[in-house]
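Written below as structure tokens is the structure these notes are about.
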Amino acid sequence: MYKTNPLNPMLSTDLDLFTLCQSDTAAEQGIYNLPQDVGVVENLTRLCQQVLQPAITHFDLPLFITSGYRCLRLNAEIGGLPDSQHLRGEAADIMMGGIANDTLALWLIDNTDFDELILEKFDPRCGEYGWVHVSCVAAGNRKKVSTFDGDTFHDGFHYFDLAGK
């Protein structure tokens with residue numbers, strides 16, 4: 001069990017604030033990517049407790065967050081949408097060591113109260129390409145599911161042959 005660190009609070013049993021804010025791009029560009037708003041930390045805590053931690057607990061595998069919270073400058077630097085839920089601490093792009101992204105996505109769909117889930121750039125031939133974008137809001141989670149093939153968003157859960165494009 002982790003000791004509580006006021007500079008890096010635990011947001012759930014296995015996830016801390018720094019993990020949700022870590023960014024190679026931010027480090028390379030010298031961008032300070034920690035939230036300045038307590039509401040963002042509350043949103044990250046909700047995301048961790050209601051969506052991410054249940055997956056860690058269920059699969060008992062490491063969860064990799066490729067993009068969590070993004071400050072405005074980082075979001076612009078990586079070409080994020082101007083209204084991205086990452087800006088508010090409501091979203092994370094994730095992968096889980098040891099299972100395919102579609103397996104993770106399907107489990108999250110069936111077992112968590114999420115706002116939006118996107119299976120992004122998933123190639124079923126290898127099962128580990130791409131990532132899962134998942135978000136959670138304070139009230140009124142939409143349970144919206146879509147798939148992104150690299151060019152177009154599609155409603156629902158689809159498999160694509162990305163190599164055959």
Side-chain angles (χ1 to χ4, degrees), residues 11-12 14-15 18-35 40 43-44 46-48 50-56 58-59 61-137 140-165:
L11 303 179
S12 69
D14 294 302
L15 298 167
F18 289 1
T19 300
L20 272 289
C21 297
Q22 188 282 329
S23 164
D24 291 342
T25 301
E28 291 164 6
Q29 302 292 325
I31 299 170
Y32 182 81
N33 191 50
L34 288 175
V40 172
N43 291 342
L44 287 167
R46 180 181 313 102
L47 175 66
C48 288
Q50 292 183 12
V51 180
L52 306 180
Q53 186 64 49
I56 295 168
H58 173 76
F59 289 107
L61 292 168
L63 183 76
F64 301 101
I65 299 168
T66 59
S67 184
Y69 168 73
R70 298 181 200 149
C71 66
L72 282 169
R73 184 173 164 207
L74 176 60
N75 194 60
E77 182 70 31
I78 67 164
L81 297 173
D83 63 343
S84 172
Q85 288 181 298
H86 290 273
L87 292 165
R88 297 184 299 276
E90 296 172 340
D93 297 338
I94 61 174
M95 298 180 289
M96 185 165 269
I99 64 168
N101 290 334
D102 62 338
T103 301
L104 175 59
L106 288 169
W107 189 87
L108 290 168
I109 290 166
D110 290 341
N111 295 283
T112 66
D113 185 25
F114 63 92
D115 182 55
E116 182 175 33
L117 184 141
I118 308 167
L119 182 60
E120 299 201 39
K121 298 184 181 181
F122 176 73
D123 186 339
R125 292 167 302 155
C126 69
E128 296 177 336
Y129 183 68
W131 59 91
V132 177
H133 167 95
V134 66
S135 66
C136 180
V137 297
N141 283 313
R142 299 171 291 164
K143 303 280 274 188
K144 179 182 179 188
V145 175
S146 57
T147 311
F148 180 64
D149 64 15
D151 294 318
T152 306
F153 285 91
H154 306 270
D155 289 337
F157 195 91
H158 301 279
Y159 289 102
F160 301 99
D161 178 4
L162 298 178
K165 283 176 134 188

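Under the side chain to side chain donor-acceptor pair (under 3.5 Å) criterion, T19 pairs with D16, sequence neighbours left out. By the salt bridge (charged side-chain N to carboxylate O under 4.0 Å, His left out) test, K143 pairs with no residue at all, sequence neighbours left out. When the side-chain contact (heavy atoms from CB on, under 4.5 Å) test is applied to R88, the partners found at least two apart in sequence or on another chain are N43, Q85, E90. Annotation: side-chain contact (heavy atoms from CB on, under 4.5 Å) contacts of D155 (sequence neighbours excluded): none. With sequence neighbours excluded, the residues satisfying side-chain contact (heavy atoms from CB on, under 4.5 Å) with Q22 are D24. Residues forming a side-chain contact (heavy atoms from CB on, under 4.5 Å) with T66 (at least two apart in sequence, or on another chain): D93, M95. In this structure N111 satisfies the side chain to side chain donor-acceptor pair (under 3.5 Å) test with no other residue, sequence neighbours excluded. With sequence neighbours left out, R73 forms a side chain to side chain donor-acceptor pair (under 3.5 Å) with no residue at all. Applying the side chain to side chain donor-acceptor pair (under 3.5 Å) test to S12 and every residue at least two apart in sequence or in another chain returns Q53. Judged as a ring-ring contact (aromatic ring centres under 6.0 Å, His included), and not counting sequence neighbours, the contacts of F153 are F148.
For the atom pair S135 OG and R46 CZ, the distance stands at 11.0 Å (nearest 0.5 Å). For the atom pair N101 CG and W131 CH2, the distance stands at 10.0 Å (nearest 0.5 Å). Rounding to the nearest 0.5 angstrom, the gap separating the CD1 atom in I31 from the SG atom in C71 is 6.0 Å. L87 contributes atom CG, which lies 4.0 Å from atom CG of N75 (distance to the nearest 0.5 angstrom). Between the CD1 atom of I56 and the CE atom of M96 there is a distance of 5.5 Å, given to the nearest 0.5 Å. Put simply, CG on L117 and CD1 on I109 are 5.0 Å apart, with the number rounded to the nearest 0.5 Å.
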Exercise for the section: Starting from the C-alpha separation in whole Å, work towards a yes-or-no answer on side-chain contact (heavy atoms from CB on, under 4.5 Å) for C136 and N141. Expected result: CA-CA 6 Å; C136 180; N141 283 313; 3.8 Å; yes
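For the pair L104 and A55, the tightest heavy-atom approach, listed with the atom from each and the gap, is CD1-CB, 4.1 Å.
For the pairing with L44, the side-chain contact (heavy atoms from CB on, under 4.5 Å) check across L11, L52, L15 returns one residue only, L11.
Annotation: ring-ring contact (aromatic ring centres under 6.0 Å, His included) contacts involving residues 61-112, sequence neighbours excluded, comprise H58-W107, F59-W107, H86-H133.
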